[in-house]
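Reading through the structure tokens given below for one structure.
Chain naming here is simple, since letters A, B, ... match the order of the sequence lines and numbering starts at 1 in each.
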Number of protein chains: 4
Amino acid sequence: MAPLNDEQLHQIRDERKEQIMKAALNVFARRGIIGTKMNMIAAEAGISHGLLYHYFKSKDELFITLVEGAMIEADDEMKKANLMPGTPIERIRKLTEIILDEEGAPFFMLIHQARTADGVPDKAKALVQQYSMKSFVERLLPLFLEAQDKGEIVSGDPAMLISSYLSVLSGLMVLNVQDDEGFQIPEAEFLLRMLTGR
Amino acid sequence: MAPLNDEQLHQIRDERKEQIMKAALNVFARRGIIGTKMNMIAAEAGISHGLLYHYFKSKDELFITLVEGAMIEADDEMKKANLMPGTPIERIRKLTEIILDEEGAPFFMLIHQARTADGVPDKAKALVQQYSMKSFVERLLPLFLEAQDKGEIVSGDPAMLISSYLSVLSGLMVLNVQDDEGFQIPEAEFLLRMLTGR
Amino acid sequence: MAPLNDEQLHQIRDERKEQIMKAALNVFARRGIIGTKMNMIAAEAGISHGLLYHYFKSKDELFITLVEGAMIEADDEMKKANLMPGTPIERIRKLTEIILDEEGAPFFMLIHQARTADGVPDKAKALVQQYSMKSFVERLLPLFLEAQDKGEIVSGDPAMLISSYLSVLSGLMVLNVQDDEGFQIPEAEFLLRMLTGR
Amino acid sequence: MAPLNDEQLHQIRDERKEQIMKAALNVFARRGIIGTKMNMIAAEAGISHGLLYHYFKSKDELFITLVEGAMIEADDEMKKANLMPGTPIERIRKLTEIILDEEGAPFFMLIHQARTADGVPDKAKALVQQYSMKSFVERLLPLFLEAQDKGEIVSGDPAMLISSYLSVLSGLMVLNVQDDEGFQIPEAEFLLRMLTGR
DNA sequence: AATGAATGAGTGTTCATTCAT
DNA sequence: AATGAATGAACACTCATTCAT
């Protein structure tokens, strides 16, 4: 059998990396950077812990890579909100549902870890600062302005509205609600009243 | 010279315990139980790590003691909401402000740690279960029923309303918003719209 | 390069375990479970202390494993005494010599530690109880009865004879006599007189 | 009330010292020097651990003092054996009984600890060497020679006989036999057969 | 003389990371 | 590429000893 060519090797490498990152995201989100042991990631990914170090130089690097990817994805989601069909309020509702529904919780947890937890590498801290709220507000500003224009949502400083609203959504995601605990992720309708006032 | 008398010793003990618990609450809230090193607590309290163990048998015991105290305090706050003067909605606004304003963030974060983090002692887990959402809902039920009665808040299952609302508040506190980060703890007025619809 | 195959790994593991247990036996016997520091065992075995924990979950587990092995070996030795050739008294002499001669001192001291010292894990205590004197007496009973039958040893309760005799032997081994100290491990002949009366 | 005079103070001091030493002997004998915590001694003596340090500079000093006293007492006992009434073998039997019967076990255990355990101060080691077997042999030599002379005990190197016999006794004491364990401290008669051969 | 609060060196154990195979 | 043996820094906790009162 001929040895695999460069491209194939590269592809295998990328798949492995993807596999590891997926495993790591889950574990980091649930247990935080300190609570996550390299062994757990290896186990979740179904490989030996030694092999992790062929793909990522260190736990920190792995964490940073994840944060980086997460921030970019979040940014994408916000951009898409502007391009969706429907009235502004319908699009805001859709965005709300995407954030709440989606398998996005691990992602929010990860960002939260990066923002607040201890032992987070400086570079990860820098990343969440760089991409953070301010840029999300910018992305959503046209949408919210249009909504105010049409009287669909309350008046007032739109930047403040957006960051307040996103903060509420973030907070809910970060709660990491489990089924039997009494905490309640509200319906989009309930949350939208903060904006619509009706 | 005679040794210190009982009263003096008792006072020293109480002061020290208070001092340690205050330090520990801050550190646990920020860094979680695993991320918190006994040395950090000792440093924050300005004593040697050895002395911690004169007052608390272990890190776990210290953590449990804090959770216990926090849960009781939270319960008290909910009880008080029923006894405050004013219309129901005014009282709900007041409760909201107390939760958001107060130096309560470390406390909420502690509970959050106890609920979700790794390495939490079983007893602490049991405590948050025991005192959890369900009991808070019970405490607030009369207040919310009265508010619905007077048409001050929207209709619908009041237990659901309460747990949704408290979840939002919890989420916000857990975010542990720092000044320069763009996250925004909203005004009470903003949040109350979820309930009032106006 | 391929990783080591299963057989090679297994062999390394077994060798290492043996090496650690041998080192640990020496140190535990001499210094007791509390006096033995994991570092000492690691040093005696020529490995890092971290590696100990790849092979044994804890100091307690290591100690228990040793006690278990020792008890089984002792039991085996007693069983063999019945199967040896020669007259009963010759076999008792042989057993005596084996106990006194052999590199068995560390083993006796280990059992002694498990019986009497502080900080011994419950399971180790249970093991020495389970395998203790009573079972040794049972093993040796046929041999001593036969010896009494033939008039080779004194009459009287044979169980008592056996436990008295084994107690004397145990005591001597536990003394852990070093060369220059004046203590004297007697010849078998000297000790046998307790039984033979001549 | 007039303050106590010097003599009275001295006497109180001596009584306290005695009380501490008695407590310490028990604990050291049972748990060894490492297993014995200053707190345990203080508790056994019914005083605070702080007070121990008014009477003994350190744990080591306390241990050394005990060993010193024990060695002297042992020496006394041997001397007395020569002065007792009766035939030589009767006196040897009496000595055997004293050693086995007496509350002497803690004392033997202490010496054993000093000889073999770890963490024993050098001075204590020196003491047991100095007073050890050799001097006991000297003390008992006249008695054993007389016994051989009268044909009451077997012939052979009397020094060897003595040290063998004392070793057996020491070993038995060191076993620290508890009631339910199956070990058996033999009757003097049983042990004497090693010497008498009948 | 007497107490117990306070300190800090030392030990068991965990885990990120390296490396021989 | 892949494994798991091996290392050592870091942390929870204990305990001899000191010291203010």
[X] [atom1] to [N] [atom2]: how many Å, rounded?
{"X": "D/L52", "N": "F/dC19", "atom1": "CG", "atom2": "P", "result": "17 Å"}
{"X": "A/L51", "N": "E/dT21", "atom1": "CG", "atom2": "C1'", "result": "15 Å"}
{"X": "A/F56", "N": "F/dA1", "atom1": "CZ", "atom2": "C1'", "result": "15 Å"}
{"X": "C/Q8", "N": "F/dA6", "atom1": "CD", "atom2": "P", "result": "13 Å"}
{"X": "B/H10", "N": "E/dA5", "atom1": "NE2", "atom2": "C1'", "result": "15 Å"}
{"X": "B/I20", "N": "E/dA5", "atom1": "CD1", "atom2": "P", "result": "11 Å"}
{"X": "C/D118", "N": "F/dT14", "atom1": "CG", "atom2": "P", "result": "15 Å"}
{"X": "C/I12", "N": "E/dT21", "atom1": "CD1", "atom2": "P", "result": "9 Å"}

Phosphate OP1/OP2 of E/dA1 contacted by D/R16 side-chain N/O (<4.0 Å) |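 Looking at the OP1 and OP2 atoms of E/dA1, neither is under 4.0 Å from any side-chain N or O of D/R16.
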Using side-chain heavy atoms (C-beta onward) and a distance below 4.5 Å, is [X] in contact with [Y]?
{"X": "D/M40", "Y": "D/R31", "result": "yes"}
{"X": "B/P121", "Y": "B/I33", "result": "yes"}
{"X": "C/T36", "Y": "C/F63", "result": "no"}

Go through DNA chain E and write down every stem, that is, every run of at least three consecutive Watson-Crick or G-U wobble pairs with distances under 3.5 Å, as range with range.
->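 The stems that DNA chain E takes part in, listed by first number, are E:2-21 with F:2-21.
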Polar side-chain contact A/H54-F/dA2 base: donor and acceptor under 3.5 Å |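 Between F/dA2 and A/H54, which were checked side chain against base, a qualifying N/O pair under 3.5 Å is present.
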[X] side chain to [Y] main-chain N or O, any donor-acceptor pair under 3.5 Å?
{"X": "A/E18", "Y": "A/D14", "result": "no"}
{"X": "C/K125", "Y": "C/V120", "result": "no"}
{"X": "D/K37", "Y": "D/I34", "result": "yes"}

Contact list (N/O, under 3.5 angstrom) for nucleotides 9-13 of chain E vs protein:
unit_1, atom_1, unit_2, atom_2, d
E/dA9, N6, B/H49, NE2, 2.8
E/dG12, OP1, C/T36, O, 3.1
E/dG12, OP1, C/K59, NZ, 2.7
E/dG12, OP2, C/M38, N, 2.9
E/dT13, OP2, C/Y53, OH, 2.7
E/dT13, OP2, C/K59, N, 2.9
E/dT13, O5', C/Y53, OH, 3.4
E/dT13, O4, C/H49, NE2, 3.2

Considering all heavy atoms, the nearest C/Y53-C/S58 contact =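 Smallest interatomic distance, heavy atoms only, reads CE2-CA, 4.1 Å.
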Might you point out which heavy atoms bring C/M21 and C/T65 nearest each other, and give the distance in Å?
->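 Distance-wise, the nearest heavy atoms are CE-CG2, 4.0 Å.
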Would you classify D/Y55 as touching base, sugar-phosphate or nothing, given that sugar-phosphate means primed atoms plus P, OP1 and OP2, and contacts are heavy atoms under 4.0 Å?
->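 Sugar-phosphate, backbone atoms only, no base.
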B/K17 to B/F56 six-membered ring, cation-pi geometry met (6.0 Å, 45°) =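 Yes, B/K17 lies over the aromatic ring of B/F56.
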Looking at the side chain of A/S48, which of E/dT3, F/dG8, F/dG4 is the nearest nucleotide?
->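 So the side chain of A/S48 is nearest to F/dG4.
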